[in-house]
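To start, the structure itself, in structure tokens.
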Amino acid sequence: MEACALGLIGDASSTHSLPTMSGKHTDLPTIDSSTMSSLFNSSSNFTIIDCRYPYEYQGGHIQGAINIYTEQGIQTFMESRLHSTKNDILIFHCEFSSHRGPKLMRFLRSMDRKQNSHRYPELNFPEIYLLDGGYKAFYQHNKVQCNPQAYLPMLHEDHSKDLRHFRVRSKSWTAGEKRTRSRRVIRSPY
């Protein structure tokens, strides 16, 4: 997020409309749970992208959030908004906003830059944020803004089969990270 360090949104056209904080991911503009909560009482257009697996999302999510947990889902979302004239603020999160949320947020920014390379620095989604502490932190302080008012952890024992299923599906996307090759050593039987 090039402009992030300067307090500017992605296309450098203005400063962030939301107060940002220092978070684990220093390259990503981050908001806290109280800022997220206050958006429900504002006139801002915003879209919450919940990057958790579907069983986590169904077990409780922020009101109005959409569940997108793959790169393909992000691409579909971007295509559906291609001709939109309204510039929503996008807020990404996962359970803790440690891995899945930041990864898909970076992927969206990368794809947005690529799609708009001919008109740099313009973007379709100039203002994006990461929710600090993810759904877990938001839920602890804002249960009434969650639907249903519940929290289902990714590692919940009743969903170990679901976790394996979605982890296998998500292994196929890397959101800009370099893939590593595992090297198996085949030993001679002699």
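Basis for what follows: all heavy atoms, side chains included, without hydrogens, waters or symmetry-related copies. Residue numbers run from 1 in the order of the sequence given.
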**Prompt:** To the nearest 0.5 Å, how far apart are CD1 in I31 and CE in M36?
**Reply:** 5.5 Å
**Prompt:** Is a side-chain N or O of Q63 found less than 3.5 angstrom from the main chain of V144, in a donor-acceptor match?
**Reply:** yes
**Complete:** In this structure, CG of L130 is separated from SG of C51 (nearest 0.5 Å) by 8.5 Å
**Prompt:** Any side-chain heavy atom of R106 sitting closer than 4.5 Å to one from D27?
**Reply:** yes
**Set of ring pair (Phe, Tyr, Trp, His ring centres under 6.0 Å) partners for F125, sequence neighbours left out** = F77
**Complete:** In terms of heavy-atom contacts, R81 and D88 come closest through NH1-OD2, 3.2 Å
**Asked** Got a second to check how far R52's CZ is from K136's NZ, nearest 0.5 Å?
**Response** 12.5 Å
**F92 and L108: CA distance, side-chain angles, deciding distance, side-chain contact (heavy atoms from CB on, under 4.5 Å) verdict** = CA-CA 10 Å; F92 286 76; L108 179 131; 4.0 Å; yes
**Request:** Taking all heavy atoms of P121 and all of D11, pick out the closest pair and write down the distance.
**Result:** O-CB, 3.1 Å
**Request:** For I62 and D50, run side-chain contact (heavy atoms from CB on, under 4.5 Å): C-alpha distance rounded to whole Å, both residues' side-chain angles, the deciding distance at 0.1 Å, then the answer.
**Result:** CA-CA 8 Å; I62 301 171; D50 186 329; over 6 Å; no
**Asked** Has the side chain of E56 got a donor or acceptor atom that lies under 3.5 Å from a matching backbone atom of E95?
**Response** no
**Fill in**
Correct closest heavy-atom pair for S13 and I9 would be OG-CD1, 3.5 Å
**Asked** Would you say the side chain of L131 lies within less than 4.5 Å of the side chain of I48, judging by non-hydrogen atoms?
**Response** no
**Fill in**
Closest non-hydrogen atoms of E71 and L104, given as atom of the first, atom of the second and distance, are N-CD2, 3.9 Å
**Fill in**
Contacts of M21 meeting side-chain contact (heavy atoms from CB on, under 4.5 Å) (sequence neighbours excluded), chain-then-number -> T30, D32, D132
**Request:** Without swapping roles, check the side chain of H93 against the backbone of G101 for a donor-acceptor pair under 3.5 Å.
**Result:** no
**Flag side-chain contact, heavy atom, 4.5 Å: N124 against M78** = no
**Request:** Return yes if some donor-acceptor pair links the side-chain N/O of S42 with the main-chain N/O of S44 below 3.5 Å, else return no.
**Result:** yes
**Message:** If the test is side chain to side chain contact (heavy atoms under 4.5 Å, CB included), which one of L28, I49, L90 qualifies with M105?
**Reply:** L28
**Request:** Mind checking side-chain contact (heavy atoms from CB on, under 4.5 Å) for T76 and listing every partner two or more places apart, or none if nothing turns up?
**Result:** Q72
**Message:** Go through it in stages, so that I can follow the logic: the residues are K24 and S98, the test is side-chain contact (heavy atoms from CB on, under 4.5 Å), and I'd like the CA-CA distance, side-chain angles, deciding distance and then a yes or no.
**Reply:** CA-CA 8 Å; K24 178 180 175 184; S98 266; 3.3 Å; yes
**Message:** When you measure from the side chain of N116 to the backbone of L123, do you find a donor-acceptor pair of N or O atoms at a distance under 3.5 Å?
**Reply:** no
**Fill in**
Y57 meets the ring pair (Phe, Tyr, Trp, His ring centres under 6.0 Å) criterion, sequence neighbours left out, with H61
**Prompt:** Do you know the tightest heavy-atom contact between P29 and I128?
**Reply:** CG-O, 3.1 Å
**Message:** Just to verify, what does Y139 make a side-chain contact (heavy atoms from CB on, under 4.5 Å) with, not counting sequence neighbours?
**Reply:** Y135, K143, C146, Y151
**Message:** Could you work out, with ring pair (Phe, Tyr, Trp, His ring centres under 6.0 Å) as the rule, every residue matching Y129, not counting sequence neighbours?
**Reply:** H16
**Request:** List the steps and the verdict of side-chain contact (heavy atoms from CB on, under 4.5 Å) for S37 and Q145.
**Result:** CA-CA 8 Å; S37 179; Q145 292 173 325; 2.7 Å; yes
**Request:** Nearest 0.5 Å please: distance from the NE2 atom of H99 over to the OG atom of S97.
**Result:** 12.5 Å
**Request:** Verify, without hydrogens or angle tests, whether R109 (side chain) and P126 (backbone) share a donor-acceptor contact under 3.5 angstrom.
**Result:** yes
**Minimal non-hydrogen separation, N67 against P54, with atom names** = OD1-CA, 3.4 Å
